[in-house]
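Here is the structure we will look at.
The chain is numbered in sequence order, starting from 1.
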Amino acid sequence: MSTTTAAAGAEVELAIGGMTCASCAARIEKKLNRMDGVEATVNYATEKAKVTYRGEDISVHDLIATVEATGYTAKEPAPVRAVPEPGDEEAPAADDGLRPLRRRLITATVLAVPVIAMAMVPALQIEFWQWLSLTLTAPVVTYAAWPFHRAAWTNARHGAATMDTLISVGTSAAFLWSLWALFFGTAGTPGMTHAFELTISRSDGAGNIYLEAAAGVTAFILAGRYFEARSKRKAGAALKALLELGAKSVTVLRDNGREETVPTADLAVGDRFLVRPGEKIATDGTVVEGTSAVDAAMLTGESVPVEVAPGDSVTGATLNAGGRLVVRATRIGADTQLARMAKLVEDAQNGKAAAQRLADKISAVFVPVVIALALGTLGFWLGNGAGLTAAFTAAVAVLIIACPCALGLATPTALMVGTGRGAQLGILIKGPEVLETTRKADTIVLDKTGTVTTGKMTLLAVHTTPGTTETEVLRLAGALEHASEHPIAQAVTAGATAKAGGPLPTPEDFANVPGLGVQGIVEGHAVLVGRSKLLTEWAMSLPVELERAKQEAEAAGRTAIAVAWDGEARAVLEVADAVKDSSAEAIRRLRALGLTPILLTGDNQAVAESVAREVGIDEVIAEVMPEDKVDVVKKLQAEGRSVAMVGDGVNDAAALAQADLGLAMGTGTDAAIEAGDLTLVRGDLLAAADAIRLSRKTLGTIKSNLFWAFAYNVAALPLAASGLLNPMIAGAAMAFSSVFVVGNSLRLRGFKAATN
């Protein structure tokens with residue numbers, strides 16, 4: 001089900017059928033919002049309505065009935081699934097709305113071309129050309145244009161007028177006028193000819209026909225509708241592609257050791273499943289057996305495969321690029337990261353920016369105003385003695401040119417393409433209002449742990465005494481630390497395992513010395529690993545060079561670990577939360593976007609300043625308690641800054657929500673992701689710069705779409721009212737405006753993430 005319940009009431013998403021323009025969406029939205037306790041947003045491009053209502057007073061059936069009473073259809077769409085179910089691939093072919101539109105377009109084009117040619121080229125006007133034109137035009141204005149007439153009639157029965165009203169009235173008027181001129185005027189006289197003109201001419205109209213306008217306008221507008229529908233389908237293809245990333249079947253390991261292949265939809269939490277090299281991981285889970293490299297590029301945009309081992313989490317739809325893995329399912333269905341990504345993208349596509357709300361309001365009143373303007377144009381030219389033909393031509397041109405379709409498509413198509421492309425790159429934009437904020441942000445606050453740094457303790461350096469090799473130190477220290485669960489010990493073990501080139505030896509007589517370190521026997525050596533105080537208790541001290549290394553490490557905010565064996569101090573290990581490889585480059589790119597970076601952390605000042613120097617951040621706010629992070633953001637906002645915040649932990653959630661723009665690392669907690677406006681699935685700070693670039697580019701596309709849609713109408717209406725625009729040319733221009741807006745939006749599909 002697509003219905004959810006919140007504190008404020010219930011929420012449902014309805015699939016709307018029968019909309020043909022932005023005016024339709026505005027009418028449905030207006031009707032729904034008139035219901036007591038209902039707040040609705042109707043999106044023409046996605047053909048969906050997002051409705052919040054009081055569940056105890058109103059049912060989904062009531063909402064659907066209201067939409068149907070307005071003259072349209074409504075139903076609850078199928079829920080978002082992480083994996084397409086069998087048969088999903090055939091569904092679009094069975095219910096292809098483009099087929100009847102394509103048939104009508106072909107009919108209109110084949111029949112309209114000779115009609116237009118005869119009207120424009122006097123040499124083609126044979127003795128009875130006007131009657132041939134009538135024969136060819138009749139199927140165009142009846143069969144091909146039937147969707148316009150049907151929609152206009154439906155709207156008229158409900159006391160409304162839409163873009164279809166303009167088209168239906170305009171083409172019908174041109175056709176009926178031509179019939180009158182042919183049967184009751186002089187236009188039907190054998191040998192009658194007339195030139196194709198774009199200017200006003202004084203005439204009684206009895207000898208002129210406008211069959212080329214009726215046929216041409218229908219063909220041009222059908223062409224515009226067809227290419228618009230195709231483009232809208234392409235614009236939403238990213239979401240469909242995202243859903244299709246998931247594996248469709250999975251090999252489950254049963255308790256008796258038997259392998260069973262089942263559809264991914266049949267997986268249950270706790271099931272263990274097998275992932276062979278080259279296979280997709282079926283769902284989110286935890287590795288229980290095996291090691292491998294997982295390629296998450298298709299889901300996160302991250303090009304470097306991630307090494308995984310038992311205990312590591314893996315994400316559904318990523319690719320096993322290495323060895324055999326056994327994974328225990330932890331999330332299935334709509335709870336998986338893939339399904340949640342798809343839901344975020346879909347919600348964002350269904351939203352509206354402030355600019356689009358203005359465009360919708362204009363579209364809602366535009367059609368009645370245009371009809372009034374057409375009648376005014378007709379009366380004006382008749383009153384000024386221009387003749388019925390000239391007055392009629394100008395009035396029909398006004399009706400045709402004014403269709404507000406481009407206004408309704410300006411924001412949704414750009415948003416659909418932008419959010420879809422973002423999802424492919426591991427960037428999730430939660431809503432259209434986020435786009436405006438990305439343009440205004442001038443300060444970006446970065447949480448240190450897990451954002452600028454890896455969030456994991458890492459072995460960074462090994463300092464040894466003369467005659468002692470790094471490999472020897474790591475082999476002995478790593479073997480001893482391997483028996484400890486302490487994060488610092490695990491960091492030493494991981495570093496030792498990576499560099500040893502083989503398994504570590506097993507220690508004997510292992511003992512943990514609380515607060516100081518560990519000790520034991522490794523390959524016959526009595527080994528101590530821990531604080532320098534542990535060595536002091538065994539009557540050992542660090543040589544001068546190791547003491548200096550220890551002090552420098554601690555001054556940089558790192559943890560220094562002493563290593564000794566056989567009664568002699570041999571090495572000092574440096575362990576710290578390592579800075580991510582991409583962080584410094586990400587900071588540079590954020591500065592290039594006009595953002596001032598600030599490092600925010602609960603760590604001590606020395607650690608924070610060390611990390612800040614490494615990545616190129618000048619301003620540091622350290623030793624901040626988790627609950628005080630939101631106050632830091634408020635203080636910056638009070639200084640007049642527009643603040644973006646990047647974080648990944650539960651302690652960042654409040655600050656992310658308070659910030660003007662919250663960017664949540666997708667590798668972080670659910671609380672942080674829910675609080676953010678943008679989610680960076682890659683968990684890479686470079687994605688933050690890409691997210692802001694994409695958001696700004698999407699906003700720029702929306703604004704350019706709206707500018708050209710408004711400019712088109714502002715420029716074209718006076719021309720039409722002045723009688724300087726033939727109705728057929730007006731129809732072509734109107735269709736082109738919609739195609740232009742959609743085509744401009746589709747350019748966002750070429751957006752590329754910057755390479756490191």
Side-chain angles (χ1 to χ4, degrees), residues 344 347-348 351 353-354 419 422 426-453 455 583 586-587 589-591 593-603 608 611-612 615 617-696 698-699:
L344 282 172
D347 288 345
T419 54
I427 300 164
L428 304 183
I429 303 171
K430 281 197 175 178
E433 63 282 350
V434 173
L435 304 178
E436 190 71 29
T437 309
T438 60
R439 183 181 63 83
K440 296 176 181 177
D442 54 31
T443 301
I444 185 161
V445 176
L446 305 165
D447 174 60
K448 181 184 76 69
T449 306
T451 302
V452 177
T453 64
S583 291
I587 298 301
R589 292 181 186 174
L590 290 169
R591 286 187 184 278
L593 291 169
L595 297 165
T596 301
I598 298 175
L599 187 67
L600 178 65
T601 179
D603 277 350
V611 171
V615 299
I617 296 177
D618 300 325
E619 193 171 347
V620 176
I621 303 175
E623 300 179 23
V624 179
M625 297 298 290
E627 60 270 20
D628 295 332
K629 287 185 176 182
V630 68
D631 294 328
V632 171
V633 173
K634 288 180 180 178
K635 182 181 177 182
L636 292 170
Q637 290 171 329
E639 294 173 1
R641 301 196 196 191
S642 180
V643 180
M645 167 82 184
V646 186
D648 74 327
V650 172
N651 60 347
D652 299 322
L656 286 168
Q658 174 63 37
D660 299 291
L661 177 67
L663 295 93
M665 305 298 274
T667 51
T669 64
D670 291 347
I673 292 172
E674 288 299 321
D677 301 306
L678 291 163
T679 300
L680 313 177
V681 179
R682 299 205 305 254
D684 182 350
L685 197 53
L686 279 172
D690 288 335
I692 292 174
R693 281 199 308 117
L694 175 61
S695 297
R696 289 181 177 179
T698 303
L699 179 64

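- For the atom pair K448 NZ and T453 OG1, the distance stands at 4.5 Å (nearest 0.5 Å).
- Contacts of A644 classified as side chain to side chain contact (heavy atoms under 4.5 Å, CB included), with partners at least two apart in sequence or in another chain: A441, I444, L661, L663.
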Candidate pair R693 and D690, rule side chain to side chain contact (heavy atoms under 4.5 Å, CB included), full reasoning: CA-CA 5 Å; R693 281 199 308 117; D690 288 335; 3.2 Å; yes
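- Remark: Q637 pairs with Q658, D660 by the side chain to side chain donor-acceptor pair (under 3.5 Å) rule, at least two apart or across chains.
- Taking T601 as the reference, nothing meets the side chain to side chain donor-acceptor pair (under 3.5 Å) condition, with sequence neighbours excluded.
- Residues G422 and L694 approach most closely at CA-CD2, 3.4 Å, considering heavy atoms.
- Annotation: salt bridge (charged side-chain N to carboxylate O under 4.0 Å, His left out) contacts of D442 (sequence neighbours excluded): none.
- Scanning for salt bridge (charged side-chain N to carboxylate O under 4.0 Å, His left out) contacts around R591 gives D618, with sequence neighbours left out.
- Scanning both residues, L593 and A689, for their nearest heavy atoms gives CD1-O, 3.7 Å.
- You'll find the side chain of L685 reaches within 4.5 Å of the side chain of L446, heavy atoms only.
- In terms of modelled atom types and a separation under 3.5 Å, the side chain of S583 and the main chain of V452 share a donor-acceptor contact.
- Of all heavy-atom pairs spanning V620 and A612, the tightest one is CG2-CB, 3.4 Å.
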Verdict with reasoning, V632 to M645, per side chain to side chain contact (heavy atoms under 4.5 Å, CB included): CA-CA 11 Å; V632 171; M645 167 82 184; over 6 Å; no
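- Here the NZ-CD distance, from K634 to E639, works out to 15.0 Å after rounding to the nearest 0.5 Å.
- Looking at every heavy atom in both residues, I617 comes nearest to P597 through CG2-O, 3.7 Å.
- Applying side-chain contact (heavy atoms from CB on, under 4.5 Å) to L595 and the options I692, T443, I587 leaves one that passes, I692.
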